[in-house]
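To start, the structure under review is shown below, and the notes come after it.
Here the structure is a predicted model, which means the values were calculated and not measured. Hydrogens, waters and symmetry mates are skipped; everything else that's a heavy atom, side chains included, is used.
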Amino acid sequence: MFYPNLEVMIFKRGIKQKAIADSLGLSVRCLYNKIKGNVAFTWPEVCKIQKDFFPDINKDELFASDTDQKSSA
């Protein structure tokens with residue numbers, strides 16, 4: 001499950017993936033694998049990313065997966 005909204009928002013806001021990875025105690029490679037859907041985000045990670053970096057975007061929108069977007073199209 002790939003998270004395109006999260007990836008786009010990280011890019012649009014100029015947030016470094018390293019900053020997010022560091023805040024979660026992860027390597028950048030591990031964060032990349034989570035964004036690409038190779039490894040699942042934990043609920044605490046979802047909450048921390050949203051709270052610390054995207055407080056103005058709800059979790060459902062931020063973490064909408066590629067499969068969520070295909071089913072709503």
Side-chain angles (χ1 to χ4, degrees):
M1 197 178 325
F2 167 56
Y3 299 97
N5 291 356
L6 177 60
E7 189 171 49
V8 166
M9 291 310 299
I10 289 169
F11 176 77
K12 277 186 176 178
R13 295 194 179 180
I15 298 168
K16 300 289 186 209
Q17 286 190 8
K18 179 159 179 30
I20 296 173
D22 287 350
S23 79
L24 298 174
L26 304 172
S27 69
V28 174
R29 180 50 137 179
C30 184
L31 177 64
Y32 172 86
N33 282 327
K34 288 177 181 257
I35 292 170
K36 293 299 181 186
N38 300 327
V39 179
F41 279 102
T42 65
W43 182 246
E45 290 169 341
V46 167
C47 293
K48 185 157 181 60
I49 290 169
Q50 189 268 336
K51 180 175 145 288
D52 292 353
F53 297 95
F54 305 99
D56 57 317
I57 303 173
N58 72 49
K59 292 175 192 74
D60 289 338
E61 182 182 340
L62 188 61
F63 285 89
S65 68
D66 57 338
T67 54
D68 293 338
Q69 291 178 351
K70 287 175 191 166
S71 64
S72 66

Checklist entry - Is there side-chain contact between Lys59 and Trp43, with heavy atoms separated by less than 4.5 Å? => result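 Yes. Closest side-chain heavy atoms under 4.5 Å.
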Verify same cluster id: [X], [Y] (apolar side-chain graph, 4.5 Å):
X     : Y     : answer
Leu26 : Phe54 : yes
Ile10 : Val28 : no
Phe11 : Leu62 : no
Ile20 : Ile35 : yes
Phe63 : Ile15 : yes

Minimal non-hydrogen separation, [X] against [Y], with atom names:
X     : Y     : value
Ser65 : Pro4  : C-CD, 4.1 Å
Val46 : Phe41 : CG2-CB, 3.8 Å
Ala21 : Leu31 : N-CD2, 3.8 Å
Lys34 : Ala40 : NZ-O, 3.0 Å
Asp56 : Arg13 : OD2-NH2, 2.6 Å

Checklist entry - Can you list the residues that meet the salt bridge (charged side-chain N to carboxylate O under 4.0 Å, His left out) rule with Lys48, with sequence neighbours excluded? => result Asp52
Checklist entry - When rounded to the nearest 0.5 angstrom, what distance separates CE in Met9 from CD in Glu61? => result 8.0 Å
Next on the checklist: With a 3.5 Å distance limit and no angle check, can you tell me whether Gln50 reaches the backbone of Ile57 through a side-chain donor-acceptor pair?
Outcome noted: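 Yes; at least one donor-acceptor contact below 3.5 Å.
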Next on the checklist: Just to verify, what does Phe53 make a ring-ring contact (aromatic ring centres under 6.0 Å, His included) with, not counting sequence neighbours?
Outcome noted: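 For Phe53, no residue satisfies ring-ring contact (aromatic ring centres under 6.0 Å, His included) once neighbours in sequence are set aside.
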Next on the checklist: Given Glu7, which partner from the list Gln17, Lys36, Lys12 fulfils the side-chain hydrogen bond (donor to acceptor under 3.5 Å, both in side chains) test?
Outcome noted: Lys36
Checklist entry - For residues 22-33, which residue pairs qualify under salt bridge (Lys or Arg N to Asp or Glu O under 4.0 Å), counting only residues two or more places apart or in two chains? => result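 Qualifying pairs: Lys18-Asp22.
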